[in-house]
Number of protein chains: 2
Amino acid sequence: MTDKSVVITDIIDNLRRVFQILNEQSKKVEKDTGLTGPQLWTIKVINENAPINLSYLAYRLYLHPTTVGGIIDRLETRHLVKRTRSKEDRRVVWIELTAEGKSLVKSAPEVAQGLLVAGLEELPVLNLKDIDKSMKNLVKIFGAQKTPPKLIRSTEINYPLRKIKTERSKGSKT
Amino acid sequence: MTDKSVVITDIIDNLRRVFQILNEQSKKVEKDTGLTGPQLWTIKVINENAPINLSYLAYRLYLHPTTVGGIIDRLETRHLVKRTRSKEDRRVVWIELTAEGKSLVKSAPEVAQGLLVAGLEELPVLNLKDIDKSMKNLVKIFGAQKTPPKLIRSTEINYPLRKIKTERSKGSKT
DNA sequence: TTATTATAGTAGGCATACCTATTATTTGCA
DNA sequence: TGCAAATAATAGGTATGCCTACTATAATAA
């Protein structure tokens, strides 16, 4: 095994480790709040953008609309969000928080990526910038081989496809 | 937003991006080989360790035994692996590749993390070491808040718990 | 104005990944 | 020996996350 491949294996191992830890993190959040990580994250995004329709919400979460559909289903049975069919465009469903959902968001503001952020915040900026640079590098490497759509907003991200086209993004697609 | 929190947001965004890309990667592999990423990875590990029992296999994959159980089920219906009940210890099931499975492993040797590795391999070692360092840093940060068991072998990893205890690791656990 | 095309959301299906039982076995202790 | 504790695997359940239809509605083109 070359020196290089050792490092590569190491990187991949560490990546897996990060996945694992983030996953556990999510479990922990679940225990604390009764909601899973994705659910909490979803609620937060809804809170900041309500009313929001499913497609755009999915876009904001970098998830597939059907995935978000499921999450919304579960949040709805918990009475944390509600759906309203739009009158202007009857295909559209507006999603917003219920009172219950709103109070939950307030009480659990940063839990979603909480510890994650907390951990990072303890590092000196210099260190963070290092990590940031490396992450960007990783993204560049991985992403170079396959960079989907191309996005809007500050954070353009790898979006799962299904050519969204909301009020805010009127682009074209294959 | 402070300078720091911008960087942090950035890191997290990039992390998500990496997840996304790896996920797509897996999809691509699936298209190429007919097997999902985890399935291919599993087969590879079996190939290198056969015969192997489920618990230890799970340990090697950093996954929960029940998760691996499901993967093995699916591989078994595809006739790529077979299970044999051990005679010495009838609780144990030995898992190994069928002829078909073996030939598949040969024909798709590195696909699992293929592109991933390919991408990394194009980088100069220096660059890789940077990334490596940052990843380790990330792991340290995340892991510090919650480090499960503690592992053996070269690559000690965040193992999902269920206090494994195989022939090779005779430790204790809470 | 009608027919085609596009869009929004839902339904159903599959694979991962987890957890909590439960069933066999085996081990270890009294 | 003989019963309790530990272990290996499986069963069943839930949540993510994707995909491929499919339905309803809207927009566009002929």
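No hydrogens, no waters, no symmetry mates; every other heavy atom, side chains included, goes into these values. The chains referred to below are lettered A, B, ... by the order of the sequence lines, with proteins before strands, and numbering in each begins at 1.
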Could you check whether any side-chain N or O of B:N49 sits under 3.5 Å from a backbone N or O of B:V45, counting only pairs where one atom can act as donor and the other as acceptor?
yes

Quick check on contacts: within residues 72-85 of chain B, what sits under 4.0 Å from DNA chain C by heavy-atom distance?
B:R74

Give the minimum heavy-atom separation between A:H64 and A:A58, together with the two atoms involved.
C-CB, 4.1 Å

Value in whole Å for how far the P atom of C:dC18 lies from CG of B:L61
11 Å

List for me each residue that meets side chain to side chain donor-acceptor pair (under 3.5 Å) alongside B:E88, sequence neighbours excluded, and say none if there are none.
B:S86

Atom NE2 of A:H64 and atom P of C:dA11 are separated, to the nearest Å, by 16 Å

Might you point out which heavy atoms bring A:K102 and A:N47 nearest each other, and give the distance in Å?
CG-ND2, 4.3 Å

Distance check needed: D:dT14 C1' versus A:Q39 CD, whole Å only.
10 Å

Nucleotide C:dA8, atom P - distance to CD1 of A:I52 in whole Å:
13 Å

Do A:I46 and A:V81 come close enough that some side-chain heavy atom pair is under 4.5 Å?
yes

A:L63 CG to D:dC19 C1', straight-line distance once rounded to whole Å
15 Å

Candidate pair A:L57 and A:T42, rule side chain to side chain contact (heavy atoms under 4.5 Å, CB included), full reasoning
CA-CA 8 Å; A:L57 176 58; A:T42 301; 4.1 Å; yes

Considering all heavy atoms of both residues, which atom of B:P38 and which atom of B:I71 are nearest to each other, and what is their separation?
CB-CD1, 4.1 Å

C:dT16, OP1 or OP2 - any side-chain N/O from B:T67 closer than 4.0 Å?
no

Write out a two-atom table: protein N or O, nucleotide N or O from nucleotides 26-29 of chain D, distance below 3.5 Å.
unit_1, atom_1, unit_2, atom_2, d
D:dA26, OP1, A:R90, N, 2.9

Non-hydrogen atoms of A:Q39 and A:L75 that approach each other most closely
CB-CD2, 3.9 Å

Could you tell me the separation between the CG atom of A:L40 and the P atom of D:dA15, rounded to a whole number of Å?
14 Å

Expressed in angstrom and rounded to an integer, what is the separation of A:W41 atom CH2 from D:dG17 atom C1'?
12 Å

Within a radius of less than 6.0 Å around CZ of A:R83, do more than 12 heavy atoms belonging to other residues, nucleotides or ligands occur?
yes

What is the distance, rounded to the nearest whole Å, between atom CG of B:L54 and atom P of C:dC18?
12 Å

Looking at A:T66, does any N or O in its side chain come under 4.0 Å of the phosphate oxygens OP1/OP2 on C:dG9?
no

Assuming nearest nucleotide by heavy-atom distance, tell me which of A:G70 and B:G69 is located more 5' along DNA chain D.
B:G69

